[in-house]
Structure formats: C-alpha cells, structure tokens
Amino acid sequence: MIASTFSTKFRMLPPSAAPLRPADILAGLKAMANPHEALDGLREAVQKKFGVRHAFFATSGRAGLSAGLRALRRLNPERDEVLLPAYTSFSVPSAVVNAGLKVSLYDLQADTLAPDMESLERAMGPRTLCVVACHLFGYPVDLTPIETLCRQHGAALLDDAAQAMGASIGGRMAGTMGDVGLFSLSRGKNMTAVDGGIVLTDRDDVAEGLVGMLAPESGDLATSLRHVTQSLILLAMLHPRAYWLPASLPFLNIGASVFAPEFTVSGLDAFRAGLTGSVLKRLDSLNAGRRNMAASLLAGLERLDGIRTIRPMPDADPVFLRLPVLPESGAWPGGQVPEKAALGVVRSYPLALQEITTLKPHLSASEACPVAAMLAKNLLTLPTHAYVRDDDVAALGSCLKDIFGRADGGAIWFTPRSPHMEKRA
Ligand SMILES: Cc1ncc(COP(=O)(O)O)c(C=O)c1O
C-alpha cells in the first residue's frame, strides 16, 4: 500500500525517452576491448540499415552537424550562410555558429511543420552554403522540392533527422535524402547512446572531409568510466519512478533549450559505439511502440474540441518522437499553455530562433517567420515512449478532457488499446 502510494505520488513521465537495458551497457563494455572492430561493425550496420555509402560517428548530434557543415564549407569556401527552420532545437544554430558560419532563417507551415517553400525560396541567396531541413518530432518531410531548389541555387541540403531515426517518406528514409544526413543519439531521441551523433553521406568528397574531423575520441580510462557511469545513471533515472528526482534539481537544467555554440567536435568512443550497436537492433521495435502509442493518443484527440494535431505529409511514415498538438484557434484558452509536467506534457522550444538574443549577432537579415513564433508560443507535446503505461494514457485523456471537453459532449474517450511492444519485450 505504502509502496503503491509512493510510486503513484512520485511517478513522473519524462517528455521523451528511449530506455537503455543492462545488455546495451554490457555491449558497450565489450566494445572497449576491441574499439576498431566495434566502430567498423557499427559503421557496417548503419550503412546497411540506411543504404548509404559512408557513416561517421560523433560525440553528439550537434558535433556531427558542425562536422557536416565544415565538410561542405571546405568544398564551397565562398559561401558562409546556412538556412535553418526558425522553429527547431537550439542545438541546430549552435552547430552552425560552432562551424564558423552565419544563420539565416525560413518559416514553417503550421499544419505539417514542413518548410514554407515560399519563405525558403526568399531566404536563398548567393551566399547560401546549405539548407538544413528538420523532421520535427519524427514527422518526415518530403525533401524532393527542397533538393530541386538547392540544386538551382548551387546550395547543399542537410537532412537533419535527429528527431526521426527510422522515419520514411515515399520510401526514402529520413536522414538519407540530402548531401549530408544526421541522427542524434542524445537522451530524448528515438534511440540513445546517452550522447552521440551519426553523420551519413553518399558523397565521397564530403566523406573525405569528415574522416579527419570525426576520428574516434581517445579511449582513456577516465573518459570511458565517465561514459559508463552516465549510461548507468540514465538507465535508472529515465524511469518514471525515478525521473522526478533529476527533474526537480534545477541545476541539472533537464529539458532546457540552450544556445551554446562552444563545444568540441570529435568522434564517438568505443563504449558508446558498442552501446549504439546494441540499441540499433531495437530501433524498429522502439519506433513501432511509439507508432502504437501515437495511434492511441490520436484516436482520443480526434474527439476533442479546440485542439489539433499535425498532419503527416502524403506517403509519410512518421516515428512520433513526441506527439505535437496545437490550439485550433491559434492560442490556448486563457493564453495559458496547458502543460502537465508529471505526465510529460510540455511545451517544446520556448522561442523561435529569431527571438534568441544571443543568436542575433550570428543572424543574417532574415525572414520574419511568424509561424515559427506561433509554434514556440503554443506547441505542446505528449509523450509516446516505452514508459507510457495504459493508465498514463487514461490520465492524459482526462487531463485534456477537463481543459477542452468532448466535441460530442460524451464522457468516455482515450482508450488505451496499444501496448508498447518494447515495454513487454
Ligand atoms: C533537429 C535537431 N538537430 C540536431 C540536434 C542535435 O543533437 P544533440 O542533442 O545530439 O547534439 C537536435 C537535438 O535536439 C535536434 O533536435
């Protein structure tokens, strides 16, 4: 009784999570004994799974992004501007500035979160080195028209699938549609190695530049021990029974969005490469669980008044890293975003990129991007990960129902109907 009261009272869902297992950590430890073999094995597995010629591993997604941009700049030194969606992770402009480049912005479409093509076209110029396209929250964007636009302007395309590992559109995998592709392995992504990034390319000239930049991190014992400890802490702390603890410690800044362009760019160490190889085998099942959870939530949300979900693009197979929702009228009732941290219902990025004061010195004259500003104010995300239980889905339902009410006035909705495969495995 005391145990169950304790676990209900202290249960807190992280907004996003990809569980690690002890076997993943063991695979990491094993990899430390044979670093080259581990990295080569991982490279082969990634190349095969995503059908690409080259794969590189970085200490973080932003390090991978910075390396990809540096490799493109090396081939096109007279261009120094990178076009970003004005609503995305603050890590993206951090990587651009880290690579010594300028940021320029384009707006998004509110219904799909895909680029607003007119805004993107207006932002293109003779100094555009590259367009970064992001598949936000696991909703894949069709990059074909952006590819065409980039070719017309002599710019490169960077397919940032940090939030969409495993998603596809029209049979093309997110992360493989540009000159350079990116996945993130940080804590809140589709799969995690605590931290890390994967850079993909089919271009030999880009790969040549990446080789030198992403040499594996030195395997000194202190670094390896730190990584092992971090993975053990993550394994324990992401669990909803424990998550309230790190979430309540303000100095940990969990979930905070920070623009921080100073970081080192280097390759992944053997421990995290081994961890990645082990988790990669479960990526499809983790994503299948997210799709099931999203289906449950979407079925309930459909019946609510005043709230709307994001429309996947035609032929898209999203992986629902989180489930984003928006107020139908463009603003939440009473101007208050209905966050519910205990259930992992949180706003995502608090500002559009044009609103980050410390980024302003690095911004070229940019588009106004009003949709991005609206998204930053209003977009709320629901959790879809393997720790979300059926009773959480029901609790999410009653919480949102209290705020919005049912369109048809009835009482019962939000049937938890799709167990997370990963949870039961
Ligand atoms: C769209 C996008 N790109 C890049 C990154 C950078 O990844 P990392 O957190 O691994 O540095 C993130 C992380 O949040 C992201 O969401």
Side-chain angles (χ1 to χ4, degrees), residues 14-18 56-69 82-99 103 105-106 108 113-115 130-141 143 157-167 174-175 177-178 180-200 214 217 227 230-231 234 253-269 272 275-276 279 318-322 324 346-353 356 372 375-376 379 381:
S16 195
F56 295 87
F57 305 100
T59 40
S60 65
R62 54 197 177 281
L65 188 49
S66 175
L69 293 170
V82 180
L83 265 56
L84 303 183
Y87 179 77
T88 188
S89 163
F90 293 8
S91 294
V92 181
S94 301
V96 176
V97 174
N98 178 276
V103 173
L105 303 174
Y106 61 86
L108 297 177
L113 304 182
C130 166
V131 172
V132 176
C134 301
H135 310 278
L136 294 169
F137 310 108
Y139 285 67
V141 171
L143 297 191
L157 173 60
L158 199 147
D159 179 357
D160 180 345
Q163 303 184 16
M165 194 170 181
M177 295 183 264
V180 179
L182 177 78
F183 298 131
S184 162
L185 303 169
S186 68
R187 287 168 304 189
K189 298 304 192 297
N190 297 84
M191 58 171 254
T192 188
V194 185
D195 246 330
I198 302 179
V199 188
L200 309 174
L214 296 178
E217 207 181 54
H227 292 154
Q230 283 171 341
S231 62
L234 191 71
N253 249 347
I254 300 263
S257 298
V258 236
F259 170 66
E262 284 90 32
F263 54 83
T264 48
V265 174
S266 58
L268 201 65
D269 60 292
R272 285 182 294 181
L275 201 66
T276 306
V279 186
V319 286
F320 302 103
L321 182 66
R322 301 196 209 172
V346 294
R347 203 149 64 111
S348 196
Y349 310 115
L351 297 171
L353 299 189
I356 304 174
L375 294 170
L379 191 133
T381 64

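When a ligand or atom number is given, it counts from 1 through the structure's own listing order. What you are looking at is a predicted structure, and each value in this text was computed from that prediction instead of being measured.
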> Do we see a donor-acceptor contact under 3.5 Å between the side chains of Asp195 and His227?
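His227 and Asp195 do not have a side-chain donor-acceptor pair below 3.5 Å.
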> Show me which atoms of ligand 1 lie under 4.0 Å from any heavy atom of Val92.
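So the atoms of ligand 1 that pass are 1 (C), 2 (C), 3 (N), 4 (C).
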> Measure up the Tyr87 and Phe137 rings against each other and bin them: parallel (under 30°), tilted (30 to 60°), perpendicular (over 60°).
tilted
> I'd like to check Thr59 versus Phe263 (side-chain heavy atoms, cut-off strictly below 4.5 Å). Are they in contact?
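Not touching, per the 4.5 Å side-chain cut-off.
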> May I ask you to identify the nearest protein heavy atom to atom 11 (O) of ligand 1, giving residue, atom name and distance to one decimal place in Å?
Arg62 NH1, 2.5 Å
> Do Leu268 and Phe56 have side-chain heavy atoms sitting under 4.5 Å apart?
no
> Answer with side chain, backbone, both or neither: which part of Leu136 has a heavy atom less than 4.0 angstrom from an atom of ligand 1?
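No part of Leu136 comes within reach of ligand 1.
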> Please step through side chain to side chain contact (heavy atoms under 4.5 Å, CB included) for the pair Met165 and Ile198, ending with a clear verdict.
CA-CA 10 Å; Met165 194 170 181; Ile198 302 179; 4.0 Å; yes
> Show me which atoms of ligand 1 lie under 4.0 Å from any heavy atom of Ser184.
7 (O), 8 (P), 9 (O), 10 (O)
> Answer yes or no: is there a side-chain heavy-atom contact under 4.5 Å between Leu136 and Thr88?
yes
> Flag Lys189 as yes when one of its N or O atoms lies below 3.5 Å from any N or O atom of ligand 1, and as no otherwise.
yes
> If we set the cut-off at 4.0 Å for heavy atoms, which region of Gln163 has an atom near ligand 1: side chain, backbone, both, or neither?
side chain
> Out of all atoms in ligand 1, which are within 4.0 Å of some heavy atom of Thr88? Include the element for each.
1 (C)
> Tell me whether His135 reaches ligand 1 (any heavy atom closer than 4.0 angstrom to a ligand atom).
no
> Could you tell me whether the side chain of Leu379 reaches within less than 4.5 Å of the side chain of Leu113, counting heavy atoms only?
yes
> What residue and atom, counting heavy atoms only, is the protein's closest point to atom 1 (C) of ligand 1, and at what distance?
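Result for atom 1 (C) of ligand 1: Asp160 OD2, 3.4 Å.
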> Numbering the atoms of ligand 1 from 1, which are under 4.0 Å from a heavy atom of Ser186?
9 (O), 10 (O)
